[in-house]
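Residue numbers start from 1 in every chain, and the chains themselves are labelled A, B, ... in the order their sequence lines are given, proteins ahead of strands.
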Number of protein chains: 2
Amino acid sequence: MDYVKAKAGAAIGARLRRLSERIDGEATQAYAAQGVVFEQRWFGVLNQLALNGPMSVGELAQALRITHVSVSQARLSLEKAGMIQQEPDAADARRRLLSLSGAGRELVTRLGPLWAAFEQASMELDREAGGLVEMLDRLEAALDRRSLFHRVTAICGEGRS
Amino acid sequence: MDYVKAKAGAAIGARLRRLSERIDGEATQAYAAQGVVFEQRWFGVLNQLALNGPMSVGELAQALRITHVSVSQARLSLEKAGMIQQEPDAADARRRLLSLSGAGRELVTRLGPLWAAFEQASMELDREAGGLVEMLDRLEAALDRRSLFHRVTAICGEGRS
DNA sequence: CCCATATATGTAGGTGCCTACATATATGGG
DNA sequence: CCCATATATGTAGGCACCTACATATATGGG
């Protein structure tokens, strides 16, 4: 049997990751073709800040559905590149508000057409794959309803009786 | 707009990765519940060796559709755990043949029911999501036909005229 | 006011993949 | 046989996420 076609849960995870790597790599090529050094994880943060203005680490994490640690790491990288700046939140001393720097706003403006192209390309892929985004929605909903862990554990429990 | 629903190519990559992380994490829980310390990347290698007998790094990489470097890294980890052994390939001094050790064969036998449960759980998810595996096939085929890079570049080129 | 608990974000280390580069061996033509 | 090129696999560093743990600040009840 062709491994990549196997339906074992563990193989699904690996397959999704490989696809992700592939798409990331191809996106990186597109940025490079425009002479832009860009980290994929920057997209989510920059996009949110451009849309919403200043946000905290936790708000970004929530919007992007990743951990605050991931945001914090991306934040460091973005600051190092001069794309964002931070300031304390006057309303809560624990929080730090991140916002686009001048250079960050310029980069977002410059990348507008490229991001629009990404969106269009994604719609093409969505159509060619036959409804990719909704499929991913459904997969997430299925996992929300009942995790892989619970499913596997229940099946193994049955197997024992 | 809800970021996770966005169709930008970069966001698709991030979304696939997060799903992959989620599934990996849930799979790890299932192994742990069986008292097994297991790395997700072991599955592919162990499964192939169990099915096919001794294989080279390159053969495994080809079968698993990952780079030889990834195989090499997993190999080191598996060896350290005593699950596989290696020997030179008599037919080609550049190659090393990897095979299951005694402990590796035992682990594969022990994990047989769990892997069967993963397969069943994956079929459930496939059904609930409405044809996940075929969708992934179609997405890969679409990218094979025309990469995200080419799509985006062409769209940007159009935009310039 | 004090204190137990909650919340925000950082540090440290890990995971599983990748690309670039390096080195050893194999191959085939001259 | 020699040599240019191809092939197998390793080393090094990076990417984008994760969990566990740590520390500072906020909150609300007594």
Side-chain angles (χ1 to χ4, degrees), chain A residues 10-29 31-32 37-45 55-62 64-81 86-98, chain B residues 10-29 31-32 37-45 55-62 64-81 86-98:
Chain A
I12 286 276
R15 192 163 181 205
L16 290 171
R17 185 186 290 267
R18 286 198 315 272
L19 270 169
S20 168
E21 296 277 352
R22 181 175 184 174
I23 286 167
D24 277 1
E26 289 173 8
T28 294
Q29 276 184 296
Y31 285 106
V37 175
F38 191 86
E39 298 182 18
Q40 297 308 314
R41 60 185 172 172
W42 286 2
F43 171 71
V45 177
M55 293 173 77
S56 71
V57 169
E59 284 166 345
L60 282 162
Q62 194 164 27
L64 302 178
R65 302 210 181 159
I66 57 178
T67 64
H68 75 270
V69 177
S70 294
V71 172
S72 191
Q73 287 167 348
R75 184 218 105 216
L76 277 174
S77 174
L78 280 162
E79 271 183 39
K80 193 167 183 179
Q86 63 168 339
E87 70 190 41
D89 182 346
D92 186 337
R94 296 171 300 181
R95 292 158 66 100
R96 62 174 66 208
L97 288 179
L98 309 181
Chain B
I12 288 274
R15 193 164 181 205
L16 291 170
R17 186 184 290 266
R18 286 197 316 272
L19 270 169
S20 167
E21 295 278 353
R22 181 176 185 174
I23 286 167
D24 277 359
E26 289 173 11
T28 295
Q29 276 186 296
Y31 285 106
V37 175
F38 192 86
E39 297 181 19
Q40 297 309 315
R41 60 184 173 173
W42 286 2
F43 173 71
V45 177
M55 293 173 76
S56 69
V57 170
E59 284 167 346
L60 282 163
Q62 192 162 29
L64 304 179
R65 303 211 179 161
I66 56 178
T67 64
H68 75 271
V69 177
S70 294
V71 172
S72 191
Q73 287 166 351
R75 183 217 106 218
L76 277 173
S77 174
L78 280 162
E79 269 182 43
K80 193 166 182 179
Q86 62 168 338
E87 69 191 40
D89 183 346
D92 186 336
R94 296 171 300 182
R95 291 160 66 102
R96 61 175 66 208
L97 289 178
L98 309 182

task: Look only at the side chain of Ser72(A) and the backbone of His68(A), and say whether a donor-acceptor pair between them is shorter than 3.5 Å.
output: no

field: N/O donor-acceptor pair under 3.5 Å between Ser56(B) side chain and Leu97(B) backbone
entry: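 Not confirmed, Ser56(B) side chain does not pair with Leu97(B) backbone.
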
task: Check each of Arg95(B), Arg96(B), Arg94(B) against Asp89(B) using the side-chain hydrogen bond (donor to acceptor under 3.5 Å, both in side chains) test, and report the only one that passes.
output: Arg95(B)

Please pick, from [options], the nucleotide with the shortest atom-to-atom distance to any side-chain atom of [X].
X	options	value
Gln40(B)	dG16(C), dT9(C), dA8(D)	dG16(C)
Arg94(A)	dG16(C), dT7(C), dG10(D)	dT7(C)
Ala93(B)	dA12(D), dC18(D), dT25(C)	dT25(C)
His68(B)	dC17(D), dG16(C), dG10(D)	dG10(D)
Asp92(B)	dC17(D), dA8(D), dT9(C)	dA8(D)
Arg96(B)	dG13(C), dG10(D), dA16(D)	dG10(D)

task: Output the distance between atom CZ (Arg18(B)) and atom CZ (Arg65(A)), rounded to the nearest 0.5 Å.
output: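 Here the interatomic distance stands at 7.5 Å.
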
To the nearest angstrom, how far is [X] atom [atom1] from [N] atom [atom2]?
X	N	atom1	atom2	answer
Ile23(A)	dC18(C)	CD1	P	14 Å
Ile66(B)	dC18(C)	CD1	P	6 Å
Gln73(A)	dT9(C)	CD	P	15 Å
Arg17(B)	dC17(D)	CZ	P	6 Å
Met55(B)	dA8(D)	CE	C1'	15 Å
Arg41(B)	dC17(D)	CZ	P	19 Å
Glu21(A)	dC15(D)	CD	P	12 Å
Trp42(A)	dA16(D)	CH2	P	9 Å

message: Looking at dA16(D), I'd like to know if its phosphate oxygens (OP1 or OP2) sit under 4.0 Å from a side-chain N or O belonging to Ser70(A).
response: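 No, because none of the side-chain N or O atoms of Ser70(A) sits under 4.0 Å from OP1 or OP2 of dA16(D).
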
dT9(C) phosphate, OP1 or OP2, under 4.0 Å from Ser72(A) side-chain N/O: no

message: Categorize Ser20(B) for me: base, sugar-phosphate, or nothing, with a 4.0 angstrom heavy-atom threshold over every strand shown.
response: nothing

message: Base, sugar-phosphate or nothing for Val69(B)? Non-hydrogen atoms, less than 4.0 Å.
response: base

task: Taking all non-hydrogen atoms of both residues into account, name the closest pair between Leu16(B) and Ser20(A) and its distance.
output: CB-CB, 3.9 Å

Should [N] form a Watson-Crick or G-U wobble pair with both distances under 3.5 Å, which nucleotide is its partner?
N	answer
dC18(C)	dG13(D)
dG29(C)	dC2(D)
dT23(C)	dA8(D)

message: Return whichever of Thr28(A) or Arg75(B) has its heavy-atom-nearest nucleotide of DNA chain D closer to the 5' end.
response: Arg75(B)

task: For Glu21(B) and Arg17(B), run salt bridge (Lys or Arg N to Asp or Glu O under 4.0 Å): C-alpha distance rounded to whole Å, both residues' side-chain angles, the deciding distance at 0.1 Å, then the answer.
output: CA-CA 6 Å; Glu21(B) 295 278 353; Arg17(B) 186 184 290 266; 5.1 Å; no

